[in-house]
There are 2 protein chains.
Amino acid sequence: MYTETAMLGLDVPLRASERAYRQLRGEILNGLLAPGAALLEVEQAERIGVSRTPLREAVARLIADGLVVGRRGRGFEVTDISVDSIFELYELRQALEVQAIRLAATRREPTVFIELRKAFVSAPELLDQGDAGVHRYYLMIDELEDAVDAAVENPFLVGALRAVRTHLARIRRLARRNPLRLRAAAAEHLLIIDAIIAGDPSLAAHATHIHLHQSLVSVLAAIDEDSAAVVE
Amino acid sequence: MYTETAMLGLDVPLRASERAYRQLRGEILNGLLAPGAALLEVEQAERIGVSRTPLREAVARLIADGLVVGRRGRGFEVTDISVDSIFELYELRQALEVQAIRLAATRREPTVFIELRKAFVSAPELLDQGDAGVHRYYLMIDELEDAVDAAVENPFLVGALRAVRTHLARIRRLARRNPLRLRAAAAEHLLIIDAIIAGDPSLAAHATHIHLHQSLVSVLAAIDEDSAAVVE
DNA sequence: ATTGCGGTTTCTGTATACACAATCGCAATC
DNA sequence: GATTGCGATTGTGTATACAGAAACCGCAAT
């Protein structure tokens, strides 16, 4: 026990508990299991095709992730997403990302970020290419995050950032994709990268703060529109 | 499943998994299970007097807490504490506590902190009373933390702070108690409380930053002395 | 229509058995 | 002495049985 299955690439069959964890996590993140959804241990074990023991292990991990919460009496439920919880998450996100960017701007290997900069300079063209371009753009964001994580050299901080990103993934799903916002965000990322390359922690921190603020405004606006659309 | 046993005060027997969790956690935090200690599932289940199933649940939670890590092959081990890990934890702690203090200074109910201030004004006399006084002082620190958590009104942030405090408890155990430092820390806390009462987020943040820096310096100095004492 | 109670059903926490994986100890070989 | 291979032992992941807890449902009383 207690090792997660080795990363992709090894010909090792997934343990049942890992399979259950990944399935449930994926379904929560992609919205199939909606916020607030109530789930029972026996029914989920049967649906996924594992026995209760590995299902319980998967659920325990999802509880630790904050994606589900135990209910009194029976079962567990997918955690809710409210406007309040989005604000709260962004408050935590800001504290962590500003610290991470400061450290990355201090400790970085510039070459990594210089390569990333080249890609981000082309982001507007990429975003004009439709879905495939947008998908590639999101991969670039992931690469930037990975580079910052590596530059930070702090497992505690990176762990906390990853926990935040898990929740963000769900929130992003709720927010409608806004082309103008994506273009603006690309420019904000470029500025952050430039600050990191320049080794200027203060500029990097402030640029990140502004980026997060604009991101939050955009998310909330999108959710507001959706709510209005649902009005009966 | 998956509710932790109700808080103290209810006449409900502890579940085996909860009992195992508390015992292992307590032993890790008090140093009985030392950093790096390798443990086996079967032996710990027998030692604690539960079957493997609740022991596994307890260990999974300790893994989520960052207090133990799974080993390849067999068993699990208590996470190590290194000088690097202390630095890293303080980097995360600073990001979180500075954000929390800013929010507390903005959202607080002054009366709570005015009461706390009265207690902290007397801290020097308390610290002169030997072990009982020091113990009471640490309780006051806990009360201040609780008050800040409540003022922050952000479960994500409070959860992250609590995770950091778990690790800090171990580090504090390693550091020798230093009476001069305790007195200085009491003054630093008083300044932080005053900034919260005044509703000045910037002063509160800076005072917190300085307090954490001095705390880190003190911890590292204590560990350095201990290392020197251990030299053979 | 609402409430309370008892019986039934379903669910959870735990123990334990089983199959497979990992480790250890010992003997043989170089 | 160091290395390798093999069998025995120990440990882990999982399935399942059992006991107790919790929820649900039906019926009677108000």
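Lettering of chains follows the sequences in order, A, B, ..., and the numbering in each one begins at 1. Just so you know, these numbers use all the heavy atoms, side chains as well, and skip hydrogens, waters and symmetry mates.
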Between protein and nucleotides 16-19 of chain C, what N or O pairs are separated by less than 3.5 Å?
| unit_1 | atom_1 | unit_2 | atom_2 | d |
| --- | --- | --- | --- | --- |
| dT16(C) | O4 | Thr53(B) | OG1 | 3.4 |

Between N or O atoms, less than 3.5 Å apart, protein on one side and nucleotides 5-10 of chain C on the other: list the pairs.
| unit_1 | atom_1 | unit_2 | atom_2 | d |
| --- | --- | --- | --- | --- |
| dT10(C) | O2 | Arg74(A) | NH2 | 3.4 |

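dT12(D) atom C1' lies 13 Å from atom CD1 of Ile63(B), rounded to whole Å. Separating the CG atom of Leu39(B) from the C1' atom of dT10(D) is a distance of 16 Å, rounded to the nearest angstrom. Computed from coordinates, the Tyr21(A) OH to dT14(D) P distance equals 15 Å when rounded to whole Å. One atom, CD of Glu41(A), and another, P of dA23(D), lie 15 Å apart when rounded to the nearest Å. Rounded to a whole Å, the CZ atom of Phe76(A) is 12 Å from the C1' atom of dC11(C). The CD atom of Glu18(B) sits 15 Å away from the C1' atom of dT14(C) (whole-angstrom rounding). When rounded to the nearest whole Å, the span between CZ of Arg15(B) and C1' of dC11(C) equals 13 Å. Atom-to-atom, CD of Glu77(B) to P of dG11(D) comes out at 16 Å; the value is rounded to the nearest Å.
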Evaluation steps, side chain to side chain donor-acceptor pair (under 3.5 Å), between Thr166(A) and Arg25(A): CA-CA 10 Å; Thr166(A) 298; Arg25(A) 190 178 198 272; 3.0 Å; yes
Please tabulate, for side-chain N and O atoms in residues 145-157 of chain B, each donor-acceptor pair with protein atoms closer than 3.5 Å (sequence neighbours left out).
| unit_1 | atom_1 | unit_2 | atom_2 | d |
| --- | --- | --- | --- | --- |
| Asp149(B) | OD1 | Arg165(B) | NH2 | 3.0 |
| Asp149(B) | OD2 | Arg165(B) | NH1 | 3.0 |
| Asn154(B) | OD1 | Phe156(B) | N | 3.0 |
| Asn154(B) | OD1 | Leu157(B) | N | 3.0 |
| Asn154(B) | ND2 | Glu88(A) | O | 2.9 |
| Asn154(B) | ND2 | Glu91(A) | OE1 | 2.8 |

May I have the list of side-chain donor-acceptor pairs in residues 29-40 of chain B shorter than 3.5 Å, sequence neighbours left out?
| unit_1 | atom_1 | unit_2 | atom_2 | d |
| --- | --- | --- | --- | --- |
| Asn30(B) | OD1 | Leu32(B) | N | 2.8 |
| Asn30(B) | ND2 | Gly26(B) | O | 3.3 |

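The shortest side-chain heavy-atom distance between Leu24(A) and Arg47(A) falls under the 4.5 Å cut-off.
Residue Arg56(B) places at least one side-chain N or O under 4.0 Å from the OP1 or OP2 atom of dG13(D).
For Ser17(A), whose side chain is taken as the heavy atoms from C-beta onward, the closest listed nucleotide among dT14(D), dG13(D), dT14(C) is dT14(D).
A cation-pi arrangement is present between Arg61(B) and Tyr21(B) under the rule of less than 6.0 angstrom and at most 45 degrees off the ring axis.
For Glu46(B), the CD atom is loosely surrounded, since the number of other residues' heavy atoms within 6.0 Å does not exceed 12.
The distance from atom CG of Leu212(B) to atom CD of Gln94(B), rounded to the nearest 0.5 Å, is 6.5 Å.
Considering only residues two or more places apart in sequence or on other chains, His189(A) meets the ring pair (Phe, Tyr, Trp, His ring centres under 6.0 Å) condition with Phe120(A), His211(A). When the ring pair (Phe, Tyr, Trp, His ring centres under 6.0 Å) test is applied to Phe113(A), no partner is found at least two apart in sequence or on another chain.
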